[in-house]
Amino acid sequence: NAGVTQTPKFRVLKTGQSMTLLCAQDMNHEYMYWYRQDPGMGLRLIHYSVGEGTTAKGEVPDGYNVSRLKKQNFLLGLESAAPSQTSVYFCASSYSGQGSYEQYFGPGTRLTVT
Amino acid sequence: GEDVEQSLFLSVREGDSSVINCTYTDSSSTYLYWYKQEPGAGLQLLTYIFSNMDMKQDQRLTVLLNKKDKHLSLRIADTQTGDSAIYFCAEMRYSSASKIIFGSGTRLSIRP
């Protein structure tokens, strides 16, 4: 099992450009999440999904959109990148049934917006 | 992550015990977690505790939960250089896996 994978690993964008970050998981998890990590601020939830075809806003959704067309994939889009979106982005997934609801994280995407 | 608070840094001598503390705000939280993040990597679950427990031990790791004070701690015995990482406390609210709130992380550094 590859677990949770993210592409790309690094990206530099100019202000106003758009891009899509891809997250894929092969664990048949229902729940998927996008976080951003900034120094001293921990992880902040951008959007999440509790199943194929459903998405919901997290703590900091502005400037981002997401889609979950397939259960194994969760896409994060930036329509018009801003320097404030410079961050490390982590995708995670978790099982929705009984258990500890452990989240499995991808390796992250480091995004710089100039 | 502002509702889950941790100190940002901790420095410990190799071989000593490390204690990382966390306070959370929601008394209805059901699961509390400790995640570890090594440089350049994502987070990995270290251990978790269910809210009806006071303590959980797993090899060198001991988790203590004080529900009255909403205080969670992680003790790492015999701290090694490989324990250098950022440690995140997290709480799950309302029995919903979509409402896991992370703290800002504590960077643990080990000195010889």
Side-chain angles (χ1 to χ4, degrees), chain A residues 2-6 9-10 21 23-25 27 29-51 54-61 66 68 74 87-110, chain B residues 1-10 20 22-26 28-53 56 58 63 65 72 85-107:
Chain A
V4 179
T5 57
Q6 293 181 233
K9 288 188 168 48
F10 303 93
L21 283 67
C23 176
Q25 52 94 5
M27 296 173 282
H29 285 165
E30 289 291 336
Y31 292 3
M32 295 187 75
Y33 315 81
W34 275 108
Y35 293 93
R36 58 178 289 173
Q37 183 180 27
D38 301 293
M41 300 189 74
L43 290 175
R44 291 183 291 169
L45 183 64
I46 304 171
H47 285 279
Y48 64 98
S49 169
V50 299
T54 71
T55 63
K57 293 180 180 179
E59 183 185 354
V60 288
V66 287
R68 184 99 181 267
F74 194 29
S87 188
V88 181
Y89 291 86
F90 287 99
C91 175
S93 69
S94 68
Y95 176 54
S96 63
Q98 293 296 320
S100 69
Y101 301 99
E102 173 183 357
Q103 292 193 4
Y104 294 80
F105 283 81
T109 295
R110 186 172 293 275
Chain B
E2 63 186 77
D3 292 342
V4 178
E5 295 188 354
Q6 308 175 233
S7 54
L8 290 181
F9 301 100
L10 177 66
I20 304 171
C22 168
T23 56
Y24 60 98
T25 57
D26 192 343
S28 68
S29 291
T30 52
Y31 285 98
L32 295 126
Y33 308 88
W34 285 104
Y35 280 82
K36 178 182 181 182
Q37 184 183 30
E38 297 185 349
L43 280 69
Q44 280 192 303
L45 183 67
L46 261 187
T47 186
Y48 67 93
I49 188 166
F50 193 57
S51 58
N52 66 354
M53 299 168 66
K56 181 178 181 182
D58 183 2
V63 178
L65 175 60
L72 184 73
I86 302 175
Y87 292 82
F88 290 89
C89 170
E91 60 171 337
M92 188 175 80
R93 299 176 176 177
Y94 311 127
S95 296
S96 167
S98 60
K99 293 190 184 296
I100 295 180
I101 308 297
F102 287 83
S104 55
T106 299
R107 184 180 294 274

For B:F50, what residues pass the ring-ring contact (aromatic ring centres under 6.0 Å, His included) criterion, not counting sequence neighbours?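 Counting only residues at least two positions away or on another chain, B:F50 forms a ring-ring contact (aromatic ring centres under 6.0 Å, His included) with B:Y31.
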
Euclidean distance, A:L45 CG relative to B:I101 CD1, rounded to 0.5 Å: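 Result: 7.5 Å between the selected atoms.
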
For the atom pair OH (A:Y104) and CG (B:L45), what is the distance rounded to the nearest 0.5 Å?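 Separation between the atoms: 8.0 Å.
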
Taking the side chain as every heavy atom from C-beta outward, state whether A:Q103 and B:Y35 have any atom pair closer than 4.5 Å.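 A:Q103 vs B:Y35: side chains touch.
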
Per-residue contact mode, A:Y35 against chain B (heavy atom under 4.5 angstrom):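 Interface part for A:Y35: side chain.
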
Quick check on the interface: out of A:G108, A:P107, A:G58, who has the most heavy-atom pairs with chain B under 4.5 Å?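 Among the listed options, the one with the most contacts to chain B is A:P107.
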
Which atom pairs, one a donor and one an acceptor, fall under 3.5 Å between side chains of residues 36-43 of chain B and the rest of the protein, sequence neighbours left out?
{"residue": "B:K36", "atom": "NZ", "partner": "B:E38", "partner atom": "OE2", "Å": "3.2"}
{"residue": "B:K36", "atom": "NZ", "partner": "B:G82", "partner atom": "O", "Å": "3.1"}
{"residue": "B:Q37", "atom": "OE1", "partner": "A:Q37", "partner atom": "NE2", "Å": "2.9"}
{"residue": "B:Q37", "atom": "NE2", "partner": "A:Q37", "partner atom": "OE1", "Å": "3.0"}
{"residue": "B:Q37", "atom": "NE2", "partner": "B:A41", "partner atom": "O", "Å": "2.9"}

